S.K.: 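Structure in structure tokens, see below.
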Amino acid sequence: MQTTGGAHAGESLWQAGWRRLRANRSARIAGAILIVLHLLAIFADFVGPYSETWQDRRKFYHPPTRVRIVDAEGKLRWPFVYGTELQDRRLRTWVERTDQIYPVRFFVRGEPYRLLWLIPTDIHLFGVEAPGAIFLLGTDELGRDIFTRLLFGARRSLFIGVLGIVLTLTISLLYGGISGYFGGVVDNVMMRIAEVVLAIPGLYLLIALSALLPLNVPSQTRFFYIVVILSFVGWPAGARVVRSQVLSIKEQEFVLAARAMGASHLRIITRHILPNVMSWAIVSMTLSVPGFILAESSLSLIGVGVQEPYASWGNMLSRATNIASIARFPWTLVPGLAIFVAVLSYNFLGDGIRDAFDPRVQSPRGRPAAWRRNLVDRLRGLLGLSRQGHGDRVATVTGGLSSSGR
Amino acid sequence: MRWLRARVALAAVLVAALWVGTATAGVTTLDPEVRPVSGGKYGGVFRYSVLGDPKTFNYFLAKETSSTDILDRVFEGLTAADGVTTEVVPSLAKSWEISPDNRVITFHLRRGVQWHDGREFTADDVIFTFDLVYDPNIPNNFRDGLTIDGQPLKYEKIDDYTVRFTLPRVYAPILRAMSVPIVPKHLLHDAWREGRFNQMWGIDTDPRQIVGTGPYRMVEYRPGERIVFERNPNWWQVDQDGNPLPYIQRLEAYVAGNQDVQVLKFLNNEIDYLAPNLARVADLELQAEEKGFRLINGGPAFGTNFIVFNQNPNTVPQPKLSWFTDKAFRQAMAHALDKESIIDLAYGGLAQPQWSPIEAANVFFHKPDVKQYPYDLQRAQAILAEAGYRKGSDGRLRDPQGNVVEFELLTNAGNRARETIGTLFKADLERLGIRVNFQPIDFNLLVRKLSETFDWDAIIIGLTGGVEPASANNVWPSSGALHMWYPFQEQPATDWEARIDHLFEEGTKYLDPRERKKYYDEFQDIVAEQVPLLFTVNPEAWFAIYDYVKNARPTAYGGLFYQIGEIWLER
Amino acid sequence: MWRFIGRRLIQMIPMLLGISLLSFLIMYAAPGSFVNALKLRPDLSPETIARIEAQLGLDQPVLVQYLRWLWNLLRLDLGQSFTYQVPVTYLIGSRAVATLLLAVSSAAISWLLAFPLGVYAAVRAHTGYDRVLTFVSLLGLSIPNFFLAMLLLFAVVRWRLPLPVGGMTSPGASSWSFWEQVLDVLRHLLIPAVVLGTAGVASLTRYLRSGLLDVLRQEYITTARAKGLPERAVIWRHALRNALNVMITLFGFELGGLLSGAALTEIITSWPGLGQLILEAVQSQDYYLVMGSVTIGGVMLVLGNLIADILLAWADPRVRLT
């Protein structure tokens, strides 16, 4: 591997990259946000006071419950909520009943579930006693707690992204790797097939494939099928990028040297070629997750995504994309905010990873003037680098297209 | 000699003048219909919105409302239905006589009615239209309603303004079926004879060529954007002072992508009228006064949503079959349906519970005092217990043989109302100990299950409704294709289904609606007792209309367009 | 070069075959067919439905249907839509202009926003400014398009903005002067183009930024600086050149992506484009309409890439057409 300007002595590429990544503040914040989101998703049934399908059909479109510490007489109290009463049945306005006080309790008993899908329990992080209710983010049009559903929705929306990208990447690496490595006719045929799939517009492919889903599947399996379908739309672009990277790498000296020394194909691919592609792969992975999250919301709008009564940010948002919700019940739009935050975080993290691990990129901290001053030094370090040709330019361009969010 | 030639020349000139004179004398409506309206202002543009593009301009090939809604402005039939009373009224036929044996109907056509291109409407057009109806190469919607016991009607032209129909037997719904739109022979006959009728009048045709007799004709069509209509100056309806209707000069229908966008267009005053989705009515009400429009409740509408359990012995396995065919089970299920919550959650509070297979909107035939099943889980529990279903110690309900009761409930994905119904029903049955797997699925899959494979447990689905009870004659008779719980029966499977077959048979044999009503009343009582279909609710029909639109009286049955000729704009 | 073009065009044929066969198979594999929706209508008997089916040729075996379509394709006949019973070419043609317009204008907006964002982000790379600019570029992407479109339409009504709620032209516009009509379409175009344009800004900014960073690092930049050119000129000129490169390459994909359009945005904003048409076609299994559009999309993709490659070869002497 090349040494890069800015690397510390004795550091491997990975360690150098990691160090640079940690120094990148926005990437750190993004990473932290994502870790929190994923943890919340895993522990959704614990953190959420209700269950995903729990509903109080009389309390639909209920606004967020206010948690107070000062009561009507001005006294300081343990955090509590007031009971509420429906004021207008048609307009769905509510008033608080200051005579009904429900203290917020922690580690309460609620709807039963299996912690980490294994341990049966019914303890929730917080809650209030019935008939009080604590709807931190209000309820939706069927009277279900949005906060709880947001957490469960994170499971679907976030994990669709993660699983989907792992699947897409695996297929891309395999397909593009084989195609690029063997070249010739094999490469030609494989790339033509990829182009055929790539040429069919994504949304229509998704819908058409969704219609193929076998019917009587439990929702978990259906969720998995959705991931598979989304990956099916994404892999050709990635495969092409992998292939062009492999094409350029395999002509480099160290590969030729390995071949001359008699290394087998498999060894060459795994030891020499793939690691070079990995940095691109990780960056592309991170930057493509938002595409999956957004695609899921598009699917939900059409009705082929995650189905009722299970929650995903996409189907929650599509049910809230109407005038009543926007004008009078804006708390139902929170899933949009969740998508927003997740997409932003993945993008900043991805950019940070790319900046940290891309050997061509320097990390001059500080003012542009300082950067200019160091320019000559860095140029010397760059002298060993080959010019980027047309193929790579196309490669970079196509690699990122799947995250353009259309 | 010269004076002879002069006289011949003069005679020739006179004959020529006479001939030219009669040719250009024009067609004048000799039999106008006088409407109860007067003093309206002429002119103006009335703007409204439609949810999809028309798929064709050929009424005989139109399969969906996006096309027929547009074409209904342009074409008319021999009869029509009154938007308020729902009764059959004269349209292109000004009157008719029915023979004493009720099998021969003679229609007297309105004289002097003009097609939009100026030619006169005559019996030839009616004969031609019916030729099209019965042509096996033209798959159209009208034939089934004009076929009685598998036989077509006989029809003949008596003279230019008289057509006679002979029915194979007495058939009450026939007058309503005579609303089939009449199309111009002089424009379509040649194409039909050459076998090209199905290629005529697609949406790539210049809209001005679509010629009918109705109050408006199309003048512009921009795909995906709008359809523009112009007033027919020679229409046969007039106001009290003899002025020809319609008042409004132009209609413009804008294509919108979804119902929320329609509401936004309405609030922005880009359209003058809207039939909003019920969940949006509250938002509209909040702005009505400020923006100058009003909301009108047209009363309960037609169309039903229901839950149906599969009783098909060929495809439903035991023990499910024993539950679904058990009347007590179905009645208990009926008590577990929370209609009030459905009304609140799915329809913004603007609907009424439905108990009878004939909707309340069908004011004449609806029987209000059929058996009802109020939402009462304890009652449901009691009925189940009486029939031998008990809750075990694990909270699950078991049938008399000890099988755990659980089944799959399907509906089509994307239909919010049905998804709400399913969610609520599932939650309620959970409390009875019945586990329901509720799954919204793709509509095509659902249709396949209902019409081909018949492998389903319970489905939430709906049907469009109409005023004529016999229009549902592939739903209720046991041999029907849409007799959903067990279609295509060769012999009625149960006594009550046999009785319904008989009632439907008899119900069309009397022309007097009061006679017919007896049969349909009994039919409604049987269905309410046996609950093969658990009806849910009837939504109300609401309309939003700006105040400057005068004399607008929309109804659930007729919408606003039944009286499109009688409204005017005052800006 | 002509050999290059010729070879690419020939390669297009098996690809089109592949695309059409794949899309046909997928749609055919879905249960049911176009006539499904008719089966639930109480007023249509099974015989009528069977007759409709025969008329559309849906009762033939799969291969026969596909071959028939292929045979027509060779005669440049894309068949008739089941839903509309008019030629597929008419349907696509009547909406293609609108989609083209939307694609071009949303691309223009993307570029107008991405260019300054990308250049400034590159110049101030890795600083706080960089992060802020990246954040701004990501705004449009992070909100689902349909949601943003609905919010904007709602804002129009709520705050009485002088913009129309959907559509492409105002009524009566055909009698206006040319410039008035242009302005009218632009007013209608604003919201959908903004929604789509902002979604594309993020990746475009990224490419421009990294491309410019690449360029700025290279030797001839120091040479230019050493020659005494002002910093600004150095940056802007090379930024432009690099942008041209990226633009040409992306152009190929833009053209191909035209047909998939942005169906959901078009539906919400009632923009009369191809997206909505094809979406409905896929959902109702209108085979010929879908296959016609997919085929045309494939052709445009290949042509777009071809033109892009040729332009790139002409613009950048390092690139050779292989």
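What you see is a predicted model; the values in this text were computed from it and never measured. Side chains are part of it too, since the values below use all heavy atoms of this structure and drop only hydrogens, waters and symmetry mates. The sequence lines fix the lettering, A, B, ..., with proteins before strands; numbering per chain opens at 1.
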S.K.: Sorted by first residue and then second, give each salt bridge (Lys or Arg N to Asp or Glu O under 4.0 Å) pair with at least one member in residues 336-348 of chain A; sequence neighbours left out.
M.R.: none
S.K.: Please rank C/V290, C/V282, C/L139 by heavy-atom pairs under 4.5 Å with chain A and give me the top one.
M.R.: C/V282
S.K.: Who wins among A/N24, A/V196, A/V341 for the most heavy-atom pairs under 4.5 Å with chain C?
M.R.: A/V196
S.K.: How about A/I339 and C/P144: do any of their side-chain heavy atoms sit closer than 4.5 Å?
M.R.: yes
S.K.: Rounded to the nearest 0.5 Å, how far does OG of A/S300 lie from CZ of C/F146?
M.R.: 7.5 Å
S.K.: Between A/I323 and C/V157, is a side-chain contact (heavy atoms from CB on, under 4.5 Å) present by the stated rule, with each step listed?
M.R.: CA-CA 11 Å; A/I323 296 182; C/V157 175; over 6 Å; no
S.K.: Report the distance from atom CZ of C/R209 to atom CG of A/D351, rounding to the nearest 0.5 Å.
M.R.: 6.5 Å
S.K.: Show your working on side-chain contact (heavy atoms from CB on, under 4.5 Å) between C/L22 and A/V197 and close with a plain yes or no.
M.R.: CA-CA 8 Å; C/L22 184 62; A/V197 178; 4.1 Å; yes
S.K.: Side-chain contact, heavy-atom cut-off 4.5 Å: C/L264 with A/I302?
M.R.: yes
S.K.: OH of A/Y346 to CG of C/L138: how many Å apart, nearest 0.5 Å?
M.R.: 15.0 Å
S.K.: Quick one: closest heavy-atom pair of A/L294 and C/S142, and the distance?
M.R.: CD2-O, 4.5 Å
S.K.: In terms of heavy-atom contacts, does OH of C/Y120 have more than 12 from other residues, nucleotides or ligands at under 6.0 Å?
M.R.: no
S.K.: Taking side chain as everything from C-beta outward and backbone as N, CA, C, O, which of these in C/F135 sits under 4.5 Å from a heavy atom of chain A? Side chain, backbone, both or neither.
M.R.: both
S.K.: Dump the intermediate steps for side-chain contact (heavy atoms from CB on, under 4.5 Å) on C/F147 and A/L301, then the final yes or no.
M.R.: CA-CA 10 Å; C/F147 185 54; A/L301 189 71; over 6 Å; no
S.K.: Do C/R206 and A/L287 come close enough that some side-chain heavy atom pair is under 4.5 Å?
M.R.: yes
S.K.: Could you work out, with salt bridge (charged side-chain N to carboxylate O under 4.0 Å, His left out) as the rule, every residue matching A/R192, not counting sequence neighbours?
M.R.: A/E195
S.K.: Given heavy-atom pairs under 4.5 angstrom as the criterion, report whether the side chain, backbone, both or neither of A/A320 touches chain C.
M.R.: neither
S.K.: Rounded at 0.5 Å granularity, tell me how far CG in C/N145 sits from OG in A/S297.
M.R.: 8.5 Å
